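Written out below as structure tokens is the structure these notes cover.
Computed from a predicted model, the values in this text were never measured in an experiment. Labels below follow one simple rule: chain letters A, B, ... track the order of the sequence lines, proteins then strands, and each chain is numbered from 1.
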Protein chains: 2
Amino acid sequence: MVQLAGELFAQKGYRATTVREIADAAGILSGSLYHHFDSKESIGDEILSGFINDVLADYRAAADSGGSPRDVLAQIVRSTSHTLARHRPALAMLQNDWSYFSGQPRFGYLRKALGEIERAWVTQLERGQAEGVFRADLDARLTYRLLRDVLWIPSQWRLAEGYTTDQVADALMRLVFEGITAPARSAEPQ
Amino acid sequence: MVQLAGELFAQKGYRATTVREIADAAGILSGSLYHHFDSKESIGDEILSGFINDVLADYRAAADSGGSPRDVLAQIVRSTSHTLARHRPALAMLQNDWSYFSGQPRFGYLRKALGEIERAWVTQLERGQAEGVFRADLDARLTYRLLRDVLWIPSQWRLAEGYTTDQVADALMRLVFEGITAPARSAEPQ
DNA sequence: GTCTATATCGAGATAGAC
DNA sequence: GTCTATCTCGATATAGAC
């Protein structure tokens, strides 16, 4: 039932989805929904907090792995790609209705979580610059914003645009680490 | 007045913004708004169609310039960066309430425009691959999705996250063309 | 061109029978 | 655990006075 609601929220947006539609999808009437849930808000909370907790766990695990900056970032990309895919509805909700959730006291933990995520990226990017493996002319925070967005957004596409989670993650990592420019013509296997 | 509404739509989302709030911001009462506009929808339409027309003009100009694939893409990034910045509210509306607009008959032109934009990117990416200047292993459509998103999204950030439009566009182009990896230690000026 | 109403509608949520 | 019925509220939009 939470899952049904999540699909609807992802599809039409959280605010645009009515409790009547959720009840319809579950094959009951709207009044009956309130036997299972306090409110529409609590359904949203269950979906979003579960998502956020999993994402933060990914970031903490990557940071604690003690790898090089590039390894930590690669691990973040890899592990969150799967977490984001598993929680696609939650992510879609955040993308679509962020302006709503971010203003609701009950969902204040979302802002905190994003802050932690930003700090994780910036830390690794700056470490990488200090060690000379990332371009010194990158603005760490700006780069984080670009990368986080490009990492998060594809997960919002329907699984069924024809790409697997790993395909997207691979394309993304290659893009991020190498750019789209072809290597300067050393012999490279396809 | 359209501009006032646009700011509110961008800030709180189109659906979440009430006509009373728009009227408030304009210093009149909600009833008086309808002397100036048919409906809330027509305000949204004015904002969005103006945006879409400008963006499409950028893409057509870039394609007609007859440059190399890399030049065409660079021109798209540069010109749309400014267009997106000028129309930040419209873009925010699309990001936040896409699920709503895309389902409304009146806003059907939005889907068509996105289709044209996708074709423009894919065409240039494939041309670049054919000419050997872009990595042959890139999936053109997938790459387009990643790049379009990363190009559009920063424009949604408030102008005031401390970056200028050009800073963002530069960071983006460097990221896209080179990746974040430091060049393999040839002497390079900082 | 703005005001004071007010009509209308759809939303979240509740009460109590079954 | 689901139903019917209904409450309440806030939103878009309208009508007509000033």
Side-chain angles (χ1 to χ4, degrees), chain A residues 1-50 89-90 92-110, chain B residues 1-49 89-90 92-108 110:
Chain A
M1 169 140 264
V2 184
Q3 202 172 346
L4 275 176
E7 282 305 321
L8 288 171
F9 290 155
Q11 219 175 89
K12 317 179 31 111
Y14 174 79
R15 304 206 63 179
T17 302
T18 69
V19 294
R20 284 180 178 82
E21 289 170 323
I22 300 171
D24 269 9
I28 58 179
L29 292 194
S30 68
S32 311
L33 249 189
Y34 288 84
H35 180 76
H36 304 279
F37 289 101
D38 286 358
S39 64
K40 181 183 175 184
E41 222 184 14
S42 76
I43 305 179
D45 195 18
E46 189 167 326
I47 296 170
L48 291 178
S49 62
M93 289 165 66
L94 285 184
Q95 307 271 17
N96 288 327
D97 293 279
W98 171 252
S99 57
Y100 172 72
F101 291 121
S102 68
Q104 298 282 106
R106 175 156 189 179
F107 294 100
Y109 60 86
L110 293 173
Chain B
M1 170 141 264
V2 183
Q3 202 171 347
L4 275 176
E7 282 305 322
L8 289 171
F9 289 155
Q11 218 174 90
K12 317 179 29 109
Y14 173 79
R15 305 206 62 180
T17 302
T18 69
V19 295
R20 283 183 179 84
E21 289 169 323
I22 300 171
D24 270 7
I28 59 180
L29 292 195
S30 68
S32 311
L33 248 189
Y34 289 85
H35 181 76
H36 304 278
F37 289 100
D38 286 358
S39 64
K40 181 183 174 183
E41 222 184 15
S42 74
I43 306 179
D45 194 19
E46 188 167 327
I47 296 170
L48 291 178
S49 61
M93 288 165 67
L94 285 183
Q95 307 271 18
N96 287 328
D97 292 279
W98 171 251
S99 57
Y100 173 71
F101 291 121
S102 67
Q104 297 283 104
R106 175 157 191 180
F107 294 100
L110 294 173

If you compare all heavy atoms of [X] against all heavy atoms of [Y], which two are closest, and at what distance to 0.1 Å?
| X | Y | answer |
| --- | --- | --- |
| B:Pro89 | B:Ala10 | CA-CB, 3.6 Å |
| A:Phe107 | A:Phe101 | CB-O, 3.5 Å |
| A:Leu8 | A:Thr17 | O-OG1, 3.3 Å |
| B:Ile43 | B:Ala5 | CG2-CB, 3.7 Å |

Check your understanding: Is B:Thr18 near enough to D:dA11 that one of its side-chain N or O atoms lies under 4.0 angstrom from OP1 or OP2?
Key ->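 Answer is no, no contact under 4.0 Å.
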Review point. Between B:Tyr34 and D:dT14, is there a side-chain N or O to OP1/OP2 distance below 4.0 Å?
Key: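 Indeed not, no polar side-chain atom of B:Tyr34 lies that close.
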Nearest whole Å is fine: how far is [N] [atom2] from [X] [atom1]?
| X | N | atom1 | atom2 | result |
| --- | --- | --- | --- | --- |
| A:Ile22 | C:dA11 | CD1 | P | 12 Å |
| B:Ile28 | C:dT4 | CD1 | P | 12 Å |
| B:His36 | D:dT12 | NE2 | P | 17 Å |
| A:Asp24 | C:dA11 | CG | C1' | 14 Å |
| B:Leu33 | D:dT12 | CG | C1' | 11 Å |
| A:Arg15 | D:dC9 | CZ | C1' | 14 Å |
| A:Gln104 | C:dG12 | CD | C1' | 13 Å |
| A:Asp45 | C:dG12 | CG | P | 17 Å |

Check your understanding: When only distance counts, do a donor and an acceptor, one from the side chain of A:Arg20 and one from the base of C:dG10, lie under 3.5 Å apart?
Key ->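 When only heavy-atom distances are counted, A:Arg20 does not reach the base of C:dG10 through any donor-acceptor pair under 3.5 Å.
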Review point. Which residue lies toward the 5' end of DNA chain D, B:Gly31 or A:Ser32, if each is placed at its nearest nucleotide?
Key: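 That would be A:Ser32.
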Check your understanding: Taking for each residue the nucleotide of DNA chain D bearing the nearest heavy atom, is the 5' side occupied by A:His35 or by A:Ser30?
Key ->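 Its nucleotide being nearer the 5' end, the pick is A:His35.
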Review point. Looking across every strand, which nucleic acid part, if any, lies under 4.0 Å from A:Leu29 by heavy atom: base, sugar-phosphate, or nothing?
Key: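 Here A:Leu29 touches the bases of the nucleic acid.
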Review point. From D:dT2, C:dA13, D:dT12, pick the nucleotide closest to the side chain of A:Lys40?
Key: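 Nearest nucleotide to the side chain: C:dA13.
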Check your understanding: Given D:dT2, C:dC3, C:dA13, which nucleotide is nearest the side-chain atoms of A:Ser39?
Key ->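 Given the options D:dT2, C:dC3, C:dA13, the side chain of A:Ser39 is closest to C:dA13.
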Point to revise | Donor-acceptor under 3.5 Å (B:Asp45 side chain, B:Glu41 main chain) | key: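 Such a contact is absent between B:Asp45 side chain and B:Glu41 backbone.
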